2 protein chains.
Amino acid sequence: MPTPHYGQPRYRVIADELRQRIESGTIPRGTLLPTESALVAEFRVSRGTIRQAMAALRKDGLVATEHGRGTYATATLCECNPIRHGGAEVRQRKIPADAHLAAVFDIKLGALLVETESVTRENGRVVAVAQTYRLYLDRAQVPSRATEPQNWIE
Amino acid sequence: MPTPHYGQPRYRVIADELRQRIESGTIPRGTLLPTESALVAEFRVSRGTIRQAMAALRKDGLVATEHGRGTYATATLCECNPIRHGGAEVRQRKIPADAHLAAVFDIKLGALLVETESVTRENGRVVAVAQTYRLYLDRAQVPSRATEPQNWIE
DNA sequence: AGAAATTTGTCCGTATGTATC
DNA sequence: AGATACATACGGACAAATTTC
């Protein structure tokens, strides 16, 4: 097999498969995913392809990776339907901190924040977007060496 | 030469170097960067490494890539010093729209927005971050095929 | 405490497919 | 159509962080 990528590229197919396993609970939140080598064996692709799929999931905040340790599924991302509030659409969701927010809040990359997004329209046209972030205070934390990530409950 | 990467990985060193060239004006805003092959030759690294450096710059919105065309430096990111306003630090800057904001505003990826960020502290600890975005109304646009990107002024 | 094994991170070289000019 | 450039994929190698013994 040279390198045919008709339709969807392989790394995307794999990413979608893993995403479904996480969302369906086949891979519980907070637990480690199979290792890269295991996925290489399962999907019969090269390690680079697996890593590309992982990067895609990481970008979406669905998983987080720690060097020498593994990649685990992050906490549930709760996304609510937008509600109307004074002419603006307001929507709230839990998100993992990106690099910038992690630095500002001085928290770990991937730690949970609550994002409130408000979208303002004028004549149907979006003219302003406001996003506020606050710490998500719960026992839901990114697993660390101090606790057992396997048994951590979201 | 096996694969020594003391300290910083090479792709990051290259990304920093390119970033400096852009910020110092060696690579003017709006102009195309050297091609991948040129950078491969200059830095004596593989294409994948160059592409990784490019991806890093792209993620930061410093450059934008068009398929079959090349990679060019995006508009100036004006970043002002934070000012204090009622117990919060407020800072404004121009940023290129990421995928989400581009979708919400219905504008092109990389088009300019004005971001106002407000950071609130309690006892020195950051407790909330608010970001508002509005359209940046000016002639500064991301270059398109219709105009000549080379001569585009920010 | 320390060595070995495991796992992810980075890098290389190469090849081929696909889109644009 | 031809040239150029980006996207995907492979296999191998060594580095670095973590866990296990």
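Just so we're on the same page: letters track the sequence lines, and every chain starts at 1. None of these values were measured; they are calculated from a predicted model.
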Please determine whether a side-chain nitrogen or oxygen atom of Y11(A) lies at a distance below 4.0 Å from atom OP1 or OP2 of dA9(D). no
Going by the rule side-chain hydrogen bond (donor to acceptor under 3.5 Å, both in side chains), which residues pair with H100(A) if we only count those two or more places apart in sequence or in a different chain? E117(B)
Not counting sequence neighbours, which residues clear salt bridge (charged side-chain N to carboxylate O under 4.0 Å, His left out) with E36(B)? List them please. R47(B), R51(B)
Pairs: protein N or O with nucleotides 3-6 of chain D N or O, under 3.5 Å:
unit_1 : atom_1 : unit_2 : atom_2 : d
dC6(D) : OP2    : E36(B) : OE1    : 3.2
dC6(D) : OP2    : E36(B) : OE2    : 3.2

Rounded to whole Å, how long is the line connecting atom CD of Q8(A) with atom C1' of dA7(D)? 13 Å
Between R12(A) (CZ) and dG17(C) (P), how many Å, whole number? 20 Å
side-chain hydrogen bond (donor to acceptor under 3.5 Å, both in side chains) filter on E42(B), not counting sequence neighbours, yields R21(B)
What is the distance, rounded to the nearest whole Å, between atom CZ of F43(A) and atom C1' of dT8(D)? 17 Å
Rounded to whole Å, please give me the gap between CZ in R10(A) and C1' in dA7(D). 14 Å
Run the salt-bridge test on R121(B) and E89(B) with the 4.0 Å N-O cut-off and return the result as yes or no. yes
Could I get the full list of side-chain hydrogen bond (donor to acceptor under 3.5 Å, both in side chains) partners for S37(B), not counting sequence neighbours? none
Taking OH from Y72(A) and P from dT8(C), how many angstroms apart are they, rounded to a whole number? 13 Å
Presence of S46(B) side-chain N/O under 4.0 Å of dT14(C) phosphate oxygens OP1/OP2: no
Quick one: side-chain hydrogen bond (donor to acceptor under 3.5 Å, both in side chains) partners of T65(A), sequence neighbours excluded? R58(A), T71(A)
Which whole-number value in Å describes the distance from I50(A) CD1 to dG9(C) C1'? 16 Å
